[in-house]
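The structure under discussion appears below in the form of structure tokens.
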There are 2 protein chains.
Amino acid sequence: MSATLEHMIKNCPVDNTFKIIGKKFTFHIVRNMAMRNQTRFNEFLGTIENINPKTLALRLKELEETGIIQRTVYDEIPIRIEYTLTKKGEDLQGIIDQMATFSMKHYPKTVFKDGKRRNYKQVFKRPVSVLH
Amino acid sequence: MSATLEHMIKNCPVDNTFKIIGKKFTFHIVRNMAMRNQTRFNEFLGTIENINPKTLALRLKELEETGIIQRTVYDEIPIRIEYTLTKKGEDLQGIIDQMATFSMKHYPKTVFKDGKRRNYKQVFKRPVSVLH
DNA sequence: ACTAGTAACTTACTTTAGGTAAGTTAGATG
DNA sequence: CATCTAACTTACCTAAAGTAAGTTACTAGT
């Protein structure tokens with residue numbers, strides 16, 4: 001096998017990562033796990049804008065297959081299933097942080113009731129009541 | 001307007017950024033500009049896997065509208081048009097770096113002719129010939 | 001004068017991915 | 001025995017993306 005530009009591009013590390021989290025809604029699921037501690041199907045379904053059960057089920061399967069999340073079944077009544085980030089999934093935090101940093105710089109319009117701006121970590125630690 | 005979970009989620013900074021670069025191929029275009037210094041329509045068309053001229057033209061328009069790239073027309077024969085990152089677009093570098101970092105940790109399979117592994121910055125500075 | 005070439009698209013048409021609403025499973029509760 | 005719940009699944013429809021060919025405007029070659 002000889003050195004080709006094509007080969008180089010196929011091995012682009014940015015591309016590898018994009019293949020894992022680049023599909024529609026995939027990153028939103030990860031974000032909701034990492035930043036809002038959501039774990040359940042109906043939580044994602046209720047809070048991720050415009051997602052539908054069909055696509056959500058598919059994305060959760062894909063994320064499990066790529067080792068980003070783990071599916072745990074609790075034999076309760078009614079049944080309870082929890083999705084949690086694996087160690088590998090937690091390593092996506094750096095990307096989440098950089099995405100937030102970009103937004104805070106270029107779209108700093110999220111201003112709160114007390115007139116202050118907060119960084120996203122503060123926002124997600126605080127109760128919803130500080131928001132407009 | 002009262003404080004709602006919905007409002008909080010709508011103002012999620014991660015989501016803001018995802019709206020800018022989350023569509024299919026958008027991030028690949030930015031990566032090719034930032035990491036490979038590509039500037040022209042046919043360069044993107046030839047190196048981004050599976051992209052087609054219709055979608056490429058649309059994405060370039062979207063990126064211009066969101067202020068990530070700039071379109072410059074050079075009145076030469078044949079016509080030359082260059083797409084370059086704006087300052088805002090360059091601020092996506094942090095995200096690119098984190099995506100590469102994630103990949104290098106979890107998919108470190110890109111090994112080169114001399115048996116060494118390199119980080120993605122080294123890879124993209126070197127001639128293609130060091131690759132398999 | 002005619003043919004081919006170039007870069008950057010655009011158009012018409014087909015295929016695939018995603019959206020919508022309703023249904024399924026299995027056991028619990030009234 | 002009908003209703004409720006969580007976590008899906010199914011059938012059907014619509015919107016986004018893929019394919020191939022065409023367009024524009026000007027140059028170079030025969």
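In what follows, chains carry the letters A, B, and so on, assigned in the order in which the sequence lines appear, proteins first and then strands, with residues in each chain numbered from 1.
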| request: Measure the distance from CD1 on B/Ile77 to P on D/dA28 and round it to the nearest whole Å. | output: 8 Å
| Between D/dA15 atom C1' and B/Lys24 atom NZ, what is the distance in whole Å? | 14 Å
| message | Considering only residues two or more places apart or on different chains, which pairs with a residue in residues 64-77 of chain A satisfy salt bridge (charged side-chain N to carboxylate O under 4.0 Å, His left out)? | response | A/Glu76-A/Arg80
| Expressed in angstrom and rounded to an integer, what is the separation of A/Glu76 atom CD from C/dA26 atom P? | 18 Å
| task | Rounded off to whole Å, could you give me the CD-to-P distance for the B/Glu62 and D/dA16 pair? | result | 10 Å
| Listed by chain and number, what are the side chain to side chain donor-acceptor pair (under 3.5 Å) partners of A/Lys88, not counting sequence neighbours? | B/Tyr107
| task | Please tell me if the side chains of B/Leu56 and B/Phe41 come closer than 4.5 Å, counting only heavy atoms from C-beta onward. | result | yes
| task | Could you pull out the closest heavy-atom pair between B/Gln98 and A/Gly94, with the gap in Å? | result | NE2-CA, 3.2 Å
| Spacing between A/Leu56 atom CG and C/dA17 atom P, to the nearest angstrom | 18 Å
| field | Spacing between A/Asn50 atom CG and C/dG18 atom C1', to the nearest angstrom | value | 11 Å
| said: Distance check needed: C/dG19 P versus A/Glu49 CD, whole Å only. | reply: 12 Å
| Mind checking what makes side chain to side chain donor-acceptor pair (under 3.5 Å) contact with A/Thr55, not counting sequence neighbours? | A/Asn52
| task | To the nearest Å, give me how far apart CD1 (A/Ile51) and P (C/dT20) are. | result | 12 Å
| said: Regarding A/Tyr74, tell me which of base, sugar-phosphate or nothing describes its non-hydrogen contacts under 4.0 Å with the strands shown. | reply: nothing
| query | Taking only side-chain nitrogens and oxygens of B/Thr55, does any of them come within less than 4.0 Å of OP1 or OP2 of D/dG18? | reply | yes
| Base-contact (B) and sugar-phosphate-only (S) positions in nucleotides 6-12 of chain C, heavy-atom cut-off under 4.0 Å, - elsewhere | BSSBB-B
| Is there a side-chain polar atom (N or O) of B/Lys23 under 4.0 Å from OP1 or OP2 of D/dA16? | no
| query | Sequence neighbours excluded, which residues qualify as side chain to side chain donor-acceptor pair (under 3.5 Å) partners of A/Lys61? | reply | none
| query | Considering residues at least two apart in sequence or located in another chain, which fulfil the side-chain contact (heavy atoms from CB on, under 4.5 Å) criterion with B/Phe18? | reply | A/Phe27, A/His28, A/Met99
| task | Have a look at B/Phe25 and say if it touches a base, only the backbone sugar-phosphate, or nothing, with a 4.0 Å heavy-atom cut-off. | result | sugar-phosphate
